[in-house]
Undergrad: 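Below: one structure in structure tokens.
Bear in mind the structure is a predicted one, so any value in this text is a computation, not a measurement.
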Amino acid sequence: MDLPQRVKLVEVGPRDGLQNEKQPVPAAIKIELVHRLQGAGLKEIEVTSFVSPKWVPQMADNAEVMAGIQRQPGVRYSVLTPNQQGFEAAVKTQPDEIVVFGAASEAFSQKNINCSIVESIERFRPVVQAALAQGLTVRGAISCAVGCPYEGEIAPERVALVARLMHEIGVQHVGVADTIGVGTPLKVQRALDAALSVYTIDQISGHFHDTYGMALANTLASLQMGVWQFDTSVAGLGGCPYAKGATGNVASEDVVYLLHGMGIETGIDLDKLVDAGQFISDFLQRKPNSRAATALLNKRLG
Ligand code: HMG
Ligand code: MG
């Protein structure tokens with residue numbers, strides 16, 4: 001097995017993790033969460049999204065959160081931008097990276113961003129151009145890369161098509177996203193392979209929701225292909241308001257436990273990460289949705 005020696009995790013808890021929460025989470029809590037995550041050694045944090053507050057009220061404080069973060073050298077902060085309006089608001093807050101998000105499913109594209117796949121690419125085009133011109137890096141997310149809540153199973157060719165469209169407009173990296181967590185290892189490998197028909201292994205990442213408990217298996221299957229970048233969410237928070245039945249992302253704590261146990265470096269302090277997960281879980285008045293965090297918290301109790 002040719003496993004990577006080092007893995008980069010993009011912590012999406014403040015964005016994907018919180019966007020689906022019904023109760024308002026104050027900006028100060030989101031800022032504190034980002035501080036704790038960077039304190040735990042996360043070097044890439046997806047902080048918020050510049051989407052319509054009517055669509056996702058939880059992210060309405062995007063600018064306030066970005067302004068409140070005490071930035072740490074060596075840490076990169078990314079934000080989601082679905083269109084020019086979002087980009088213009090985002091750029092004022094000085095992110096290091098922007099994320100355009102499309103889908104391999106036509107129905108999901110309509111539900112999530114209110115346009116077709118082809119229209120979404122036309123919306124992204126000027127955003128990507130402007131971002132690159134300003135020296136920002138650009139990531140693209142390909143939602144529903146294995147399955148869609150509206151269309152069912154998604155063929156790898158759809159992923160390859162969206163990857164090609166994103167590549168043509170200058171998107172530098174794509175995240176292959178199992179939005180509703182229906183993927184199993186071979187299907188996920190086929191979706192990643194489809195992205196690899198356009199992008200290199202250093203330009204793709206896995207973004208796995210854990211609805212069916214497959215996200216760790218899918219992570220391992222990705223590692224076996226040499227994929228070394230993953231989006232994960234502290235305490236297993238997450239979900240997309242426009243993907244019915246989608247639960248949280250794979251928990252960052254579980255992925256770190258898996259990687260460290262395999263001798264793969266992450267630069268992350270698992271104990272501090274567990275503390276960050278407990279902090280946000282306490283606020284949300286629930287237990288962290290992470291087996292590793294639960295085990296480590298129980299162990300602390302002795
Ligand atoms: P639309 O209604 O088609 O947009 O929404 P519009 O251009 O027709 O504008 C309508 C109104 O929205 C106007 O306001 C605009 O100003 C406003 P009004 O005149 O009615 O008062 N508007 C905006 N406001 C703030 N920021 C903006 C913006 N754009 C327009 N950027 C839009 C299109 C994309 C905005 C909308 O569909 C939307 O906000 N969707 C966001 C959905 C979302 O955030 N989903 C979750 C993130 S994706 C995800 O979680 C998946 C991922 O994790 C990977 C995976 O797991 O699959 C990344
Ligand atoms: Mg997601």
Undergrad: So, S143 side chain and A103 main chain: donor-acceptor pair closer than 3.5 Å or not?
TA: no
Undergrad: Taking NZ, NE, NH1 and NH2 as the nitrogens, is one of them in K30 or D61 under 4.0 Å from a carboxylate oxygen of the other?
TA: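 Salt bridge: yes.
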Undergrad: Can a side-chain donor-acceptor contact be found between Q110 and Y242 if the only test is distance below 3.5 angstrom?
TA: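 There is no such pair (donor and acceptor under 3.5 Å, judged by atom type) between the side chains of Y242 and Q110.
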Undergrad: Suppose we screen for side chain to side chain contact (heavy atoms under 4.5 Å, CB included). Which residues come up paired with A107, at least two apart in sequence or across chains?
TA: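 Partners of A107 under the side chain to side chain contact (heavy atoms under 4.5 Å, CB included) test: S105, Y150, E151.
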Undergrad: With no hydrogens and no angle check, is any side-chain donor or acceptor of S120 less than 3.5 Å from a backbone partner on I117?
TA: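 Flag set: sc S120 to bb I117 pair under 3.5 Å.
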Undergrad: Mark yes or no for whether T81, through its side chain, and N83, through its backbone, hold a donor-acceptor pair below 3.5 Å.
TA: no
Undergrad: Any salt bridge (Lys or Arg N to Asp or Glu O under 4.0 Å) involving residues 190-203? Give me the pairs, sequence neighbours left out, ordered by first then second residue.
TA: none
Undergrad: Let me check something: any side-chain donor-acceptor pairs from residues 180-189 under 3.5 Å, sequence neighbours excluded? List them with distances.
TA:
| residue | atom | partner | partner atom | Å |
| --- | --- | --- | --- | --- |
| K187 | NZ | E153 | OE1 | 3.4 |
| Q189 | NE2 | A221 | O | 2.9 |

Undergrad: So, D231 side chain and F208 main chain: donor-acceptor pair closer than 3.5 Å or not?
TA: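 Pair absent, no side-chain N/O of D231 close to backbone of F208.
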Undergrad: Mind jotting down which residue pairs meet the salt bridge (Lys or Arg N to Asp or Glu O under 4.0 Å) criterion with at least one end in residues 155-169? Sequence neighbours excluded, please.
TA: R164-E168
Undergrad: Would you say the side-chain atoms of N218 pair up with the backbone N or O of M214, donor to acceptor, closer than 3.5 Å?
TA: yes
Undergrad: Not counting sequence neighbours, list each pair that qualifies as a salt bridge (Lys or Arg N to Asp or Glu O under 4.0 Å) and has a residue in residues 244-256.
TA: none
Undergrad: Using every non-hydrogen atom in the two residues, find where A163 and A195 come nearest and quote the distance to one decimal.
TA: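 Minimum heavy-atom contact is CB-CA, 4.3 Å.
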Undergrad: Distance alone, cut at 3.5 Å: any donor-acceptor contact between the side chains of T200 and Q203?
TA: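 On atom types as modelled, these side chains qualify, holding a pair under 3.5 Å.
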Undergrad: Output yes when a side-chain donor or acceptor of E44 lies under 3.5 Å from a complementary backbone atom of V12, and no otherwise.
TA: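 Not at all, since once roles are kept as given, no pair shorter than 3.5 Å links the two residues.
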Undergrad: Going by the side chain to side chain donor-acceptor pair (under 3.5 Å) test, name the single residue among Q172, H173, R139 that passes it with E97.
TA: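 Testing each of Q172, H173, R139 against E97, the sole residue satisfying side chain to side chain donor-acceptor pair (under 3.5 Å) is R139.
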Undergrad: To the closest 0.5 Å, what do you measure between CG (D96) and CZ (R76)?
TA: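 Output value for this atom pair is 5.5 Å.
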Undergrad: State, with a plain yes or no, whether a side-chain heavy atom of F124 is found less than 4.5 Å away from one of F101.
TA: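 No. Closest side-chain heavy atoms not under 4.5 Å.
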Undergrad: Taking salt bridge (Lys or Arg N to Asp or Glu O under 4.0 Å) as the cut-off, I'd like each qualifying pair that reaches into residues 265-274, sequence neighbours left out, listed once.
TA: R6-E265, D271-R300
Undergrad: Ring centres of Y199 and H167 under 6.0 Å apart?
TA: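 Distance test on ring centres: under 6.0 Å, yes.
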Undergrad: Among L132, V127, V99, which residue satisfies the side chain to side chain contact (heavy atoms under 4.5 Å, CB included) criterion with V138?
TA: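 Answer to the side chain to side chain contact (heavy atoms under 4.5 Å, CB included) test with V138 among L132, V127, V99: L132.
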Undergrad: Please tell me whether N249 and H207 have a donor and an acceptor in their side chains that are separated by less than 3.5 angstrom.
TA: yes
Undergrad: Assess the side chains of R15 and S78: does a donor N or O sit below 3.5 Å from an acceptor N or O?
TA: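 Looking only at side-chain atoms, S78 and R15 do not form any donor-acceptor pair under 3.5 Å.
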Undergrad: Between H209 and T247 (side chain of the first, backbone of the second, donor and acceptor by atom type, cut-off under 3.5 Å), is there such a pair?
TA: yes
Undergrad: Taking only Lys NZ, Arg NE, NH1 and NH2, and the carboxylate oxygens of Asp or Glu, determine whether R123 and E119 approach each other closer than 4.0 Å.
TA: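 Here R123 does not pair with E119 in a salt bridge, since their nearest N and O are not under 4.0 Å apart.
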